[in-house]
Amino acid sequence: MGLSTHVLDTMHGCPAAGMALALYATDGAAATLLKRLVLNRDGRTDAPLFDNASLRTGTYRLCFDVAGYFKARGLALPEPQFLNQVNLDFGIADAAQHYHVPLLVSPWSYCTYRGS
């Protein structure tokens, strides 16, 4: 399965359909953009971020546009919003395994973990 993600909007109790995200490869402070995507109605990408054949060991960053998502939902939030972008930096130690990086998010908090 490679690398996948899933975002749930915990404020509204639904998938974060329409949220934009970017995937970067990182090397120390340097980050190289690999992909820009928009989540589907299930809060997932239409295909894995990396399939088994293309996943490599290394460090990566997922950048989720939380402020843009909640603004597009018409939420009246103070400016600047508490959360703008949520950046998750993580490592792939074994490219033969599946890495799933879910995000649970509201305008004021987020949680992540290594899923299955």
Side-chain angles (χ1 to χ4, degrees):
M1 185 85 173
L3 173 64
S4 59
T5 191
H6 184 205
V7 182
L8 295 174
D9 172 346
T10 58
M11 179 177 190
H12 296 100
C14 63
M19 182 181 285
L21 70 96
L23 172 65
Y24 296 85
T26 59
D27 184 10
T32 302
L33 178 65
L34 301 175
K35 297 179 182 186
R36 287 193 188 278
L37 303 156
V38 175
L39 299 177
N40 63 25
R41 66 185 201 148
D42 194 34
R44 300 175 187 271
T45 57
D46 289 330
L49 296 166
F50 285 119
D51 61 18
N52 284 343
S54 59
L55 184 61
R56 302 286 181 258
T57 59
T59 56
Y60 297 90
R61 174 176 301 139
L62 277 169
C63 178
F64 300 90
D65 183 12
V66 173
Y69 167 77
F70 284 110
K71 192 175 288 187
R73 289 211 47 148
L75 236 59
L77 295 169
E79 290 292 335
Q81 292 187 35
F82 180 67
L83 293 177
N84 183 12
Q85 294 183 342
V86 170
N87 292 305
L88 302 179
D89 290 356
F90 60 96
I92 303 292
D94 182 353
Q97 294 185 12
H98 176 227
Y99 285 77
H100 183 64
V101 184
L103 179 69
L104 308 175
V105 68
S106 82
W108 302 278
S109 66
Y110 68 92
C111 174
T112 191
Y113 55 94
R114 181 176 173 194
S116 59

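What's counted below: heavy atoms across the whole structure, side chains too, no hydrogens, waters or symmetry copies. All residue numbers refer to positions in the sequence shown, counting from 1. Everything numeric here is computed off the predicted structure, so don't read it as measured data.
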- Message: Taking P102's backbone N and O only, do any of them form a donor-acceptor pair with T112's side chain (distance below 3.5 Å, no angle check)?
- Response: yes
- Query: Less than 4.5 Å apart, any side-chain heavy atom of L83 and any of Y110?
  - Reply: yes
- Task: Could you walk me through whether D89 and Y60 pass side-chain contact (heavy atoms from CB on, under 4.5 Å), step by step?
- Result: CA-CA 6 Å; D89 290 356; Y60 297 90; over 6 Å; no
- Value for CG (L37) from OG1 (T45), rounded to nearest 0.5 Å, stands at 6.5 Å
- Query: How far does CG of L55 sit from CG of D94, to the nearest 0.5 angstrom?
  - Reply: 9.0 Å
- Take atom CG of D27 as the centre, draw a 6.0 Å sphere, and report whether it contains more than 12 heavy atoms from other residues, nucleotides or ligands. no
- Could you list the residues that satisfy side-chain contact (heavy atoms from CB on, under 4.5 Å) with S54, not counting sequence neighbours? F50, D51
- Note on the structure: To the nearest 0.5 Å, atom CG of L104 lies from atom CE of M11 at 15.5 Å
- Query: Can S4 and H98 be said to form a side-chain hydrogen bond (donor to acceptor under 3.5 Å, both in side chains), step by step?
  - Reply: CA-CA 8 Å; S4 59; H98 176 227; 3.0 Å; yes
- Query: Between R56 (side chain) and A53 (backbone), is there a donor-acceptor pair under 3.5 Å?
  - Reply: yes
- R36 and L33: which non-hydrogen atoms are nearest, and at how many Å? NE-CD2, 3.7 Å
- Item | Distance (rounded to the nearest 0.5 Å) between L21 CG and L49 CG | 6.5 Å
- Message: Set out, in order, the CA-CA distance, both residues' side-chain angles and the distance that settles side-chain contact (heavy atoms from CB on, under 4.5 Å) for L3 and V101, then state yes or no.
- Response: CA-CA 8 Å; L3 173 64; V101 184; 4.0 Å; yes
- Message: Hydrophobic cluster membership, with links at side-chain heavy-atom distances under 4.5 Å among I/L/V/M/F/W/Y: are L8 and V38 in one?
- Response: no
- Task: Report yes if the side chains of L103 and V86 come closer than 4.5 Å at any heavy-atom pair, otherwise no.
- Result: yes
- Sub-3.5 Å donor-acceptor pair from the side chain of T26 to the main-chain atoms of T59, do we have one? yes
- Item | Shared hydrophobic cluster for L39 and L34 (ILVMFWY, side-chain gaps under 4.5 Å) | yes
Please set out all donor-acceptor pairs under 3.5 angstrom arising from side-chain atoms of residues 62-77, sequence neighbours excluded.
from: D65; atom 1: OD1; to: G68; atom 2: N; distance (Å): 3.0
from: Y69; atom 1: OH; to: D9; atom 2: OD2; distance (Å): 2.7
from: Y69; atom 1: OH; to: R73; atom 2: NH1; distance (Å): 3.2

- Message: Using modelled atom types and a 3.5 Å cut-off, is there a donor and acceptor pairing between side-chain atoms of D42 and backbone atoms of R44?
- Response: no
- Is the NZ or CZ atom of R114 positioned over Y99's six-membered ring, under 6.0 angstrom from the centre and within 45° of the axis? yes
